[in-house]
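The structure appears right after this line, and notes come after that.
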Amino acid sequence: MLKEAGTWFKEGLYDYWQQSFLITKTVFQSSGDLQDIAVFETPWFGRVLTLDGVIQLTTGDEFVYHEMLAHVPLYAHGKAESVCIVGGGDGGMLREVLKHPSVKRAVLVEIDAQVVEFCRTHLPMVSNGAFDDPRTEIVIADGIHYMRTTPERFDLIVIDSTDPSGPGEVLFTESFYKDCAQALKPGGIVVNQNGVPFLQGQEIPDTYSRRKPYFTDVGFYVAAVPTYVGGFMALGWASLDASYRRLSRDVIAARYSAAPVATRYYTPDLHGASFCLPAYVQALIPY
Ligand code: SAM
């Protein structure tokens with residue numbers, strides 16, 4: 001049903017708790033083959049994108065999520081040239097990844113062509129031209145199929161997915177993580193959105209145990225994204241090089257100074273601090 005200006009959008013992510021946004025204008029609403037898509041304007045958070053009734057991003061706070069999933073692994077790696085983004089049809093992750101001059105190629109693998117099309121039209125400020133960057137290739141495909149069959153090898157894979165239900169569910173499976181490990185170059189890194197541990201705590205042990213067999217180093221870091229309510233959001237980390245998470249603040253700061261990017265959340269100091277987990281999150285890691 002079309003949401004009218006002056007009514008409230010109520011997110012249906014949890015059975016027992018909701019956040020609501022006052023709608024000032026409905027920009028776009030459609031029932032797609034894969035997912036229901038809506039974009040509306042709100043007084044404080046700006047434009048809000050929802051898929052199947054779940055908030056994907058707001059133009060007010062998307063910078064937190066996109067910066068932390070892009071810049072932490074890119075500065076930790078130090079010389080990543082090839083990046084694969086799985087999901088991310090809004091183009092925000094692409095925008096942040098392409099800020100790094102070391103990145104020569106970025107492949108965006110999105111299952112839903114309609115998300116890319118309508119985000120280009122109705123949320124152009126999110127991709128900010130990244131879809132048209134000559135380093136970008138857009139592949140419309142299921143990420144699980146792409147990762148199983150691609151002959152390409154990447155320095156970084158960013159899984160910028162929906163939650164583990166609907167089309168995004170396969171991107172949280174052990175076989176997908178195994179294929180990601182095989183699609184990495186030596187020393188490669190995989191990061192992903194891993195839910196809000198206070199409310200979606202089972203995602204931490206699930207991800208950890210499904211990745212552990214295939215990577216040298218598996219862990220998590222955190223970021224505070226206002227619209228992913230419930231405290232810190234966990235970001236999953238898996239790499240083929242165990243040294244990255246232990247790099248000193250000076251090493252990260254030197255890399256940042258040599259190739260700075262404009263940010264509103266990420267800083268070299270925050271980089272290392274984001275790997276310090278609250279005790280209730282650490283306790284969810286099984287071993
Ligand atoms: N970037 C965002 C943010 O700020 O939180 C939100 C995530 S992005 C919109 C999630 C994307 O993952 C959606 O566009 C969805 O279509 C895509 N997706 C879900 N399952 C997928 C799959 N199996 N393969 C590729 N893309 C998938």
Side-chain angles (χ1 to χ4, degrees), residues 11 13 19 28 30-39 45-71 83-97 106-123 125-128 130-131 137-150 157-173 175-177 179-180 183 190-196 200 223-230 233-236 264-266:
E11 185 180 40
L13 184 56
Q19 65 172 329
F28 180 93
S30 122
S31 297
D33 295 339
L34 277 167
Q35 304 166 104
D36 292 345
I37 303 173
V39 177
F45 288 92
R47 287 200 174 184
V48 176
L49 164 67
T50 69
L51 294 177
D52 290 339
V54 176
I55 307 289
Q56 298 300 307
L57 65 80
T58 80
T59 54
D61 70 351
E62 53 85 9
F63 68 92
V64 179
Y65 172 88
H66 289 133
E67 288 182 15
M68 289 301 280
L69 271 181
H71 304 315
V83 178
C84 181
I85 299 165
V86 182
D90 51 79
M93 199 63 69
L94 203 51
R95 179 197 73 211
E96 291 303 317
V97 161
V107 182
L108 180 89
V109 183
E110 165 63 57
I111 198 169
D112 194 340
Q114 206 190 351
V115 176
V116 178
E117 278 160 32
F118 91 88
C119 285
R120 264 187 199 270
T121 309
H122 299 294
L123 290 167
M125 64 295 266
V126 175
S127 53
N128 196 28
F131 290 127
E137 182 186 340
I138 299 170
V139 177
I140 301 300
D142 191 329
I144 194 160
H145 176 74
Y146 178 86
M147 214 48 82
R148 192 179 300 141
T149 54
T150 182
I157 297 171
V158 181
I159 309 165
D160 179 9
S161 69
T162 43
D163 285 330
S165 63
E169 192 168 0
V170 294
L171 306 181
F172 291 81
T173 57
S175 68
F176 176 66
Y177 296 143
D179 292 335
C180 285
V190 173
V191 291
N192 74 311
Q193 74 87 355
N194 220 107
V196 172
Q200 299 163 312
V225 186
T227 46
Y228 299 150
V229 286
M233 172 173 221
L235 305 172
R264 291 170 67 201
Y265 188 91
Y266 176 91

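Treat the numbers as computed from the prediction; the structure is a model and nothing was measured. In each ligand, atom 1 is the first atom listed, and ligand 1 is the first ligand listed.
When the options V225, V229, L49, V48 are evaluated for a side chain to side chain contact (heavy atoms under 4.5 Å, CB included) with I55, the one that passes is V48.
E137 meets the salt bridge (charged side-chain N to carboxylate O under 4.0 Å, His left out) test with R105; sequence neighbours excluded.
Between the CG atom of D179 and the CZ atom of R148 there is a distance of 6.0 Å, given to the nearest 0.5 Å.
Here the side chain of E62 pairs no donor or acceptor atom with the backbone of V64 at under 3.5 angstrom.
The side-chain heavy atoms of V158 and V86, taken from C-beta on, include no pair separated by under 4.5 Å.
Taking the six-membered ring where tryptophan is involved, the planes of F28 and F118 are essentially parallel, since the angle between them stays under 30° and well short of 60°.
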Between ligand 1 and the protein, which N/O pairs are shorter than 3.5 Å?
from: ligand 1; atom 1: 1 (N); to: H66; atom 2: NE2; distance (Å): 2.9
from: ligand 1; atom 1: 1 (N); to: D90; atom 2: OD2; distance (Å): 2.8
from: ligand 1; atom 1: 1 (N); to: D160; atom 2: OD1; distance (Å): 3.1
from: ligand 1; atom 1: 1 (N); to: D160; atom 2: OD2; distance (Å): 3.1
from: ligand 1; atom 1: 4 (O); to: Q56; atom 2: O; distance (Å): 3.3
from: ligand 1; atom 1: 4 (O); to: H66; atom 2: NE2; distance (Å): 3.3
from: ligand 1; atom 1: 5 (O); to: Q56; atom 2: O; distance (Å): 2.7
from: ligand 1; atom 1: 5 (O); to: Y228; atom 2: OH; distance (Å): 2.0
from: ligand 1; atom 1: 14 (O); to: E110; atom 2: OE1; distance (Å): 2.8
from: ligand 1; atom 1: 14 (O); to: E110; atom 2: OE2; distance (Å): 3.3
from: ligand 1; atom 1: 16 (O); to: Q35; atom 2: NE2; distance (Å): 3.0
from: ligand 1; atom 1: 16 (O); to: E110; atom 2: OE2; distance (Å): 2.5
from: ligand 1; atom 1: 20 (N); to: P167; atom 2: O; distance (Å): 3.2
from: ligand 1; atom 1: 20 (N); to: G168; atom 2: N; distance (Å): 3.3
from: ligand 1; atom 1: 23 (N); to: D142; atom 2: OD1; distance (Å): 2.9
from: ligand 1; atom 1: 23 (N); to: P167; atom 2: O; distance (Å): 3.0
from: ligand 1; atom 1: 24 (N); to: G143; atom 2: N; distance (Å): 2.8
from: ligand 1; atom 1: 26 (N); to: I111; atom 2: N; distance (Å): 3.2

